[in-house]
Chemist: 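Please see the structure below; I have some questions.
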There are 4 protein chains.
Amino acid sequence: MKDKIMQTSIQLFGKKGFTETSVQDIVNEIGVTKGTFYYYFTSKDELLAMIHYEFINNILDKQEEVLNNPNIDSKEKLDQIVKVLTYEIKHSAQSARIFFREMRHISEEHLAKISPKRHQFRKNLEKLVTDGMANGEFQEHVRPDILSYAILGITNWSYFWYDPSGPIKEKELAEGYVEFILKGLLK
Amino acid sequence: MKDKIMQTSIQLFGKKGFTETSVQDIVNEIGVTKGTFYYYFTSKDELLAMIHYEFINNILDKQEEVLNNPNIDSKEKLDQIVKVLTYEIKHSAQSARIFFREMRHISEEHLAKISPKRHQFRKNLEKLVTDGMANGEFQEHVRPDILSYAILGITNWSYFWYDPSGPIKEKELAEGYVEFILKGLLK
Amino acid sequence: MKDKIMQTSIQLFGKKGFTETSVQDIVNEIGVTKGTFYYYFTSKDELLAMIHYEFINNILDKQEEVLNNPNIDSKEKLDQIVKVLTYEIKHSAQSARIFFREMRHISEEHLAKISPKRHQFRKNLEKLVTDGMANGEFQEHVRPDILSYAILGITNWSYFWYDPSGPIKEKELAEGYVEFILKGLLK
Amino acid sequence: MKDKIMQTSIQLFGKKGFTETSVQDIVNEIGVTKGTFYYYFTSKDELLAMIHYEFINNILDKQEEVLNNPNIDSKEKLDQIVKVLTYEIKHSAQSARIFFREMRHISEEHLAKISPKRHQFRKNLEKLVTDGMANGEFQEHVRPDILSYAILGITNWSYFWYDPSGPIKEKELAEGYVEFILKGLLK
DNA sequence: CATGAATGAGCGTTCATTCAT
DNA sequence: AATGAATGAACGCTCATTCAT
C-alpha cells in the first residue's frame with residue numbers, strides 16, 4: 001500500500017504538480033480514504049521527500065557504477081552517464097519532473113538527507129571532468145565546476161521539453177548530446 | 001502602484017513560488033489591501049502572465065537585435081546570445097526563475113500570447129545553428145534542434161544553481177559556456 | 001443621469017437580481033465611474049427603494065383613477081384594475097420583477113415610505129370587493145381580505161411565468177383572468 | 001448532520017434569503033465549522049438544489065395521489081389539491097419561500113432534475129381543468145393553461161403574505177380559495 | 001460633476017491534518 | 001489497518017463605499 005501510494009503520487013505530482021495535487025486526489029485514485037494515507041506517511045511533505053530520495057538514490061547508484069568501472073576511460077564514462085540521465089528522464093519522466101521542479105517544497109529536515117546526494121552527483125561529474133583533464137583526455141579551457149553544470153544543464157533540461165512520442169528518439173538524443181559535449185560546435 | 005505590485009510579486013514569486021505566495025503576502029509587503037491588488041489586476045493569474053510576457057519579450061528583443069546584426073558571423077552571434085542569457089539570469093534572477101518554473105500556472109488564454117514568443121526564441125537559436133552549418137562555420141554532426149535545446153539547457157540551467165555572490169563571476173561563467181559550446185570537451 | 005442610472009438598474013436588477021448586480025455593473029453599462037453613482041445615490045439600497053417607490057406609486061395612481069370613476073360599477077372597476085396590473089407586468093416586466101422579488105432588500109427606513117402604499121393598494125382592492133358585496137353585485141361567500149389576496153395572486157403571479165413572446169397574448173390573459181375571477185370554474 | 005444542515009439552511013434561507021445567508025451563518029447556527037459543511041455538500045448551490053428537489057418532490061407526490069384517486073370527481077380533486085398547497089405553504093413556509101423565490105440561483109445542471117417536476121405539477125393541474133371541462137363539470141370559458149396559472153397564483157401567492165399567526169386560519173383560507181375558484185365573484 | 005484610487009469586511013471554497021472508532 | 005467525521009487556517013476574489021482631487 002505504501003508503495004502504491006508512492007507510485008500514484010508520482011504520477012499525479014508529475015502531471016499536476018505537488019501543490020496542485022491534494023491528498024484527496026491521491027487516495028481517490030487508489031480508492032482508499034485519507035486516514036489510510038496518514039497511516040503510512042506522516043505528511044504530504046514526507047511523501048515528497050521519499051520520492052526525491054528514491055530518485056536521487058537510484059541515479060546516484062547508476063552513476064557510481066559507471067564511475068567505478070576501471071575498464072573504461074573518462075570519455076566513455078561521460079558517454080554512459082549522459083545515457084543514464086537521458087534514459088531516466090525518458091522512462092521516469094514524472095519522477096524527474098518532480099525532482100527538478102518540486103525541490104522547493106521539501107522541508108529543511110528532509111533536505112538534510114537529499115541535498116548531500118544531489119551535491120554528490122554533481123561533484124562526481126566535476127571529478128570526472130577533472131580526472132579527464134589530468135589524464136590528458138579533456139581540454140583544460142574551462143573551470144571543471146562550470147563544465148559539470150553545463151553538462152547537467154544539457155541533460156536535465158530535457159525534462160522540460162522532451163516528448164518521447166515526438167520526432168526525436170531517445171538514442172538519437174543521447175548520442176547527439178554526447179557528440180556535442182565532446183566536440184562542440186566549431187569546425 | 002501597478003509596477004510596484006509587479007516588482008514585489010516578482011521577488012516573492014521567485015523566492016517562494018507562485019502558488020506559495022498569496023495575494024495577501026504581496027499586498028502586505030507593499031502595505032496596501034487586497035482590494036488594491038484587484039483594482040490593478042483582474043487575477044493573480046493575469047499578473048503571472050504579465051511577468052512572463054515582459055521577460056520573454058525582453059530577451060526575445062535582445063536576441064533578435066543580435067541576430068539582425070549583419071556585421072558578425074554565426075559564432076559571434078552565438079557568443080553574444082549566450083552572454084545575453086547569462087546576463088538576464090543573473091540580473092533578473094527572480095524573473096528568470098518564475099519564467100522557467102511557473103509556466104504551468106498560466107492559463108490557456110494567456111499562453112496564447114506567451115507560448116509563440118517562447119517558441120520563437122528557441123527556433124531563432126535553431127536557425128542560427130542551421131545557418132552556421134550552411135556557411136561552414138559549424139559542424140553538421142548533430143540535429144540542429146537537439147543542439148538548440150542543448151545550448152538552452154546549458155544557459156537556462158543556471159537559474160537553478162547559479163549564485164551571483166558565489167565564487168564564479170558572471171563573465172567567467174558566460175565565457176566558459178561559450179568556450180565549451182564551441183569547442184567541446186575533447187582534446 | 002439620475003434617471004439613466006435608474007433605468008439601467010431596473011434592467012439589470014430585473015435580469016440578474018439585486019444582489020447579483022454590482023454597482024460596477026451598473027456604471028459599466030452607462031460608461032461612467034462608481035463615483036458618479038454615489039453622487040446621485042447615497043447607496044445601492046436607496047436606488048432600489050426609489051425603483052420600488054416609483055413602481056407602486058404608478059400602479060396605485062392608476063388603480064385610484066379607476067376606483068374614483070363614478071360612472072362604472074364594481075365589476076367594471078375590477079375588470080379595469082386587472083387589466084392595469086396585467087399591462088404593467090407585461091410592459092414594466094423588469095420593474096415588476098424587482099417589486100415582487102427584491103422587497104426584502106429594502107431597509108426599514110425606506111420601507112416606511114413604500115409599505116403603506118403597498119398596503120393601500122391591497123386595501124383598495126379589498127374595499128372594492130366589500131363595496132361590490134354591499135351593493136349586491138358580488139357574492140358574500142368568502143372574506144373580502146382573502147378574496148383580495150386571491151385576486152392579487154392571480155395577477156401578480158404572472159410576473160413569475162408570463163412570457164409576452166409566448167403563445168398567450170396580453171389581452172387574452174387579462175380577459176381570461178377577469179372571466180375566471182367573476183364566474184369561477186363551476187358550471 | 002447532513003439533515004441538520006439542511007433544516008437549518010431552510011430556516012435561514014427562508015428568513016434572510018439564499019444569497020444573504022452565508023455558509024458561515026449556517027455553520028455558526030449549528031456550532032460546527034465550514035469544513036463540516038463542505039464535507040456533506042459540494043457547494044452551497046447543491047444544498048439549495050436539494051432543498052428545492054425535496055420540496056417539489058413532496059408536493060408532486062401528494063398532488064398525484066389526489067389525481068390518481070378514482071373515487072372523486074374533478075371538483076373534489078381541485079379542492080384537495082388547493083388544500084394540499086395551502087397546507088404546505090403554511091407548514092413548510094420557509095421551504096415554500098425558498099422554492100418560489102430562489103429558483104434563479106440554481107445552476108443549469110441541477111435545474112435539469114428540478115424543472116421537469118415543476119413543469120409536471122403545473123401540467124397536472126392544467127389537465128385536471130381540461131378533464132373537468134370534458135366531463136361537463138367546469139365551464140369552458142377560458143384557456144385551461146391560463147386557468148391553471150391563475151389557480152396556482154392564488155395558492156402560491158400565500159407564501160408572500162400569509163401569516164399563520166394572523167387572523168386568518170388555515171382552514172378558512174383554503175376553503176375560501178376553493179369557494180372562490182369554483183364560483184367566482186359575481187352573483 | 002465626475003474620476004480614480006483605495007479600503008475593509010466578507011464570501012465560497014480548499015485542504016492538510018487529527019482522531020475516535 | 002483503515003474509516004469517516006470534523007477542524008481551522010488560509011486562499012482567491014468581490015464589492016459597497018469613501019474621499020481627495
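Residue numbers start from 1 in every chain, and the chains themselves are labelled A, B, ... in the order their sequence lines are given, proteins ahead of strands.
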Chemist: Determine the contact category for C:S22: base if any of its heavy atoms lies under 4.0 Å from a base atom, sugar-phosphate if only primed atoms, P, OP1 or OP2 are that close, otherwise nothing.
Modeler: sugar-phosphate

Chemist: Return the value, rounded to whole Å, for the distance between atom CD1 of B:I5 and atom P of E:dT7.
Modeler: 10 Å

Chemist: Roughly, in whole Å, what's the span from NZ in A:K4 to C1' in F:dA2?
Modeler: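 Interatomic distance, NZ of A:K4 to C1' of F:dA2: 14 Å.
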
Chemist: Rounded to the nearest angstrom, tell me the gap between atom CG in D:N28 and atom C1' in F:dG8.
Modeler: 13 Å

Chemist: Starting from the 5' end of DNA chain E, give me the residue, C:F37 or D:K34, whose nearest nucleotide shows up first.
Modeler: C:F37

Chemist: Expressed in angstrom and rounded to an integer, what is the separation of A:F41 atom CZ from E:dC15 atom P?
Modeler: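 Distance, rounded to whole Å: 19 Å.
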
Chemist: By nearest heavy atom, map A:T33 and C:T42 onto DNA chain F; which one lands nearer the 5' end?
Modeler: A:T33

Chemist: Using a cut-off of strictly less than 4.0 Å, decide whether B:Y40 has a side-chain nitrogen or oxygen near OP1 or OP2 of E:dA6.
Modeler: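 Answer yes for this pair, as a side-chain N or O of B:Y40 is under 4.0 Å from OP1 or OP2.
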
Chemist: In this structure, how many angstroms lie between the C1' atom of F:dG12 and the CG atom of B:L48, rounded?
Modeler: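 Rounding to the nearest Å, CG of B:L48 and C1' of F:dG12 are 14 Å apart.
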
Chemist: Could you walk me through whether D:V27 and D:T33 pass side-chain contact (heavy atoms from CB on, under 4.5 Å), step by step?
Modeler: CA-CA 6 Å; D:V27 298; D:T33 58; 5.8 Å; no

Chemist: Could you walk me through whether D:I26 and D:F13 pass the side-chain contact (heavy atoms from CB on, under 4.5 Å) test, one step at a time?
Modeler: CA-CA 9 Å; D:I26 298 166; D:F13 290 169; 3.9 Å; yes

Chemist: Is there a side-chain contact between D:T36 and the phosphate of F:dA6, meaning an N or O under 4.0 Å from OP1 or OP2?
Modeler: no

Chemist: Report yes if a side-chain nitrogen or oxygen of D:Y38 is closer than 4.0 Å to either non-bridging phosphate oxygen (OP1 or OP2) of E:dT13; otherwise report no.
Modeler: yes

Chemist: D:E46 CD to E:dG12 P: how many Å, rounded?
Modeler: 15 Å

Chemist: Please check if the side chain of D:H52 supplies one atom and the backbone of D:I98 the other of a donor-acceptor pair under 3.5 Å.
Modeler: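 Side chain of D:H52 to backbone of D:I98: a pair is present.
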
Chemist: Between A:R101 and A:G14, is there a donor-acceptor pair closer than 3.5 Å when you use the side chain of the first and the backbone of the second?
Modeler: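 Yes, A:R101 side chain to A:G14 backbone: donor-acceptor pair under 3.5 Å.
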
Chemist: Applying the Watson-Crick and G-U wobble criteria at under 3.5 Å, what pairs with F:dT21? Answer none if nothing qualifies.
Modeler: E:dA2

Chemist: Whole-Å distance between F:dT14 P and C:F18 CZ?
Modeler: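 The answer, rounded to whole Å, is 19 Å.
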
Chemist: On DNA chain E, check which nucleotide each of D:Q24 and A:E20 is closest to and give me the residue with the more 5' one.
Modeler: D:Q24

Chemist: If you look at every strand shown and take non-hydrogen atoms under 4.0 Å, does A:T19 touch a base, only sugar-phosphate, or nothing?
Modeler: nothing

Chemist: Ring centres under 6.0 Å, that's the criterion: do C:F100 and D:W157 meet it?
Modeler: yes

Chemist: Roughly, in whole Å, what's the span from OH in C:Y39 to P in E:dG4?
Modeler: 17 Å

Chemist: When the nearest nucleotide of DNA chain F is assigned to D:V32 and to C:T21 on a heavy-atom basis, which residue is associated with the more 5' position?
Modeler: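 Mapping each residue to its closest nucleotide by heavy atoms, the 5'-most match is D:V32.
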
